[in-house]
Amino acid sequence: MTKPVLKWAGGKRQLLDEIYARFPESYDRYHEPMFGGGALFFDLEPGDGTINDTNPRLVNFYEKVRDSPEELIEQCRSFEHPENEPDPSREFSDSDRKAKDVEQYYYQQRALFNRRPYGDEYDELEEAALLLYLNRTCYNGLYRENRSGGFNVPIGRYSNPDWVRADEVRSASEAVQNTEILNRDFEYIIDRAEEGDLVYLDPPYEPMSATEYFTSYSKEGFGRKDQERMVEVAKELDENGVYVILSNSGVTYNMYDEVGFRVEVEGATRSINSDGTNRGEVNEIIATNVPPDDCQKAGQRGLAGF
Ligand SMILES: C[S@@+](CC[C@H](N)C(=O)[O-])C[C@H]1O[C@@H](n2cnc3c(N)ncnc32)[C@H](O)[C@@H]1O
């Protein structure tokens, strides 16, 4: 059981027990095509299988965690003194020059992290370390990009942020040693998952209403069409004999109900009419094709989890 290294919006630590309750008694390989912070993967430590995300900088980060954990930790340690003067030869915005040193340092780090989307030369190991640094020092640990793909979250308020996280990096590195890490659209899973494998899908949630705040993880976003593609993917996986568990926002209830998935509402704070007419108001669903009789009795958690 490992903790996620990154804070990630939509992280699933709160929902782990409910997800485990849908796990089949046994399965072959485990795949997580929309990985983010990978809360379920790290808790489960499945070993063999694939993890994937469309965010290239996130994927680079996990590759470095897997292949060069000590170098990554060293690079993070080199950021040890944010109160130091930033390097005047490097780019950061004029408005931030007026702010305190620690802020200048943060915005300089952010500018360095944004070299890739703006077409500048960058070093993959440094980029990975910068992602961890920003994740632990930015506002609320959010990850948000502007239309050009630039990470644009402002500095957060922490009295003593820790971005080295050596123990977490080492444990996460162990957990992904035999895992294939991919940077594709989630549809790759149709070709990769085989009969008897288990796939957990956790997309960016569709907003419950037009006014609800929604975190955009990337410049591409994830719209209604992507949600519809995901239903098709889930259906095809089901036809191929692959176990599928997915979490999503309540507005997608009917989409999975209609293709024969078992859909249940989780964390609902508002009541639902028995005829389902108010389903659009519920918070979150878990949908699965694993029949109730095939589910594990006590979930997959090791004894330490109880
Ligand atoms: C809700 S988050 C996953 C959170 C994760 N379960 C956790 O515990 O942290 C959704 C992830 O899907 C990724 N994503 C968005 N569009 C995608 C796509 N078309 N294919 C694969 N991943 C995508 C985002 O970059 C984001 O990291």
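As the structure lists them, so they are numbered: ligands from 1, and atoms in each ligand from 1. No hydrogens, no waters, no symmetry mates; every other heavy atom, side chains included, goes into these values.
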Residue selection (non-hydrogen contact nearest atom 22 (N) of ligand 1) among N248, T54, N55 | T54

G38 neighbourhood, listing ligand 1 atoms whose heavy-atom distance to it stays under 4.0 Å = 7 (C), 8 (O), 9 (O)

P204 N/O to ligand 1 N/O under 3.5 Å = no

Shortest heavy-atom approach to atom 13 (C) of ligand 1 - which of D53, V59, L182, L16 | D53

Given that the side chain starts at C-beta and the backbone is N, CA, C, O, which of these parts of F186 lies under 4.0 Å from ligand 1, counting heavy atoms, or is it both or neither?
-> both

Report the part of N52 (side chain from C-beta onward, or backbone N, CA, C, O) that has a heavy atom under 4.0 Å from ligand 1; answer both or neither where that applies.
-> side chain

Spell out, as yes or no, whether a donor-acceptor pair under 3.5 Å connects the side chain of D257 to the backbone of V259.
-> no

Relative to the heavy atoms of A39, which atoms of ligand 1 are at a distance of less than 4.0 Å?
-> 7 (C), 8 (O)

Using distance alone, with no hydrogens and no angle criterion, decide if N178 and D48 have a side-chain donor and acceptor under 3.5 Å apart.
-> no

ring-ring contact (aromatic ring centres under 6.0 Å, His included) between Y143 and W8: does it pass, once the steps are laid out?
-> CA-CA 7 Å; Y143 188 95; W8 209 253; 5.2 Å; yes

Distance filter under 4.0 Å to D185 heavy atoms, resulting ligand 1 atoms = 18 (C), 19 (N), 20 (N)

Which word best sums up how the rings of Y106 and Y133 line up, parallel for under 30°, tilted for 30 to 60°, or perpendicular for over 60°?
-> tilted

Any non-hydrogen atom of F35 lying under 4.0 Å from ligand 1?
-> yes

Just jot down the ligand 1 atoms closer than 4.0 angstrom to any heavy atom of G10, in number order.
-> 4 (C)

Heavy-atom side-chain proximity of Y20 to Q296 below 4.5 angstrom | no

Check: L58 N/O within less than 3.5 Å of ligand 1 N/O = no

Could you go through the side-chain contact (heavy atoms from CB on, under 4.5 Å) check for L6 and L131 one step at a time?
-> CA-CA 9 Å; L6 299 174; L131 175 58; 4.3 Å; yes

Do E124 and Y122 get their side chains close enough for a donor-acceptor pair, meaning under 3.5 Å?
-> no

Going by the 4.0 angstrom heavy-atom rule, the piece of P33 near ligand 1 is backbone

Does the ring center of F151 lie less than 6.0 Å from the ring center of F113?
-> yes

Within 6.0 Å of NZ in K7, more than 12 heavy atoms from elsewhere = yes

Can a non-hydrogen atom of D226 be found less than 4.0 Å from any atom of ligand 1?
-> no

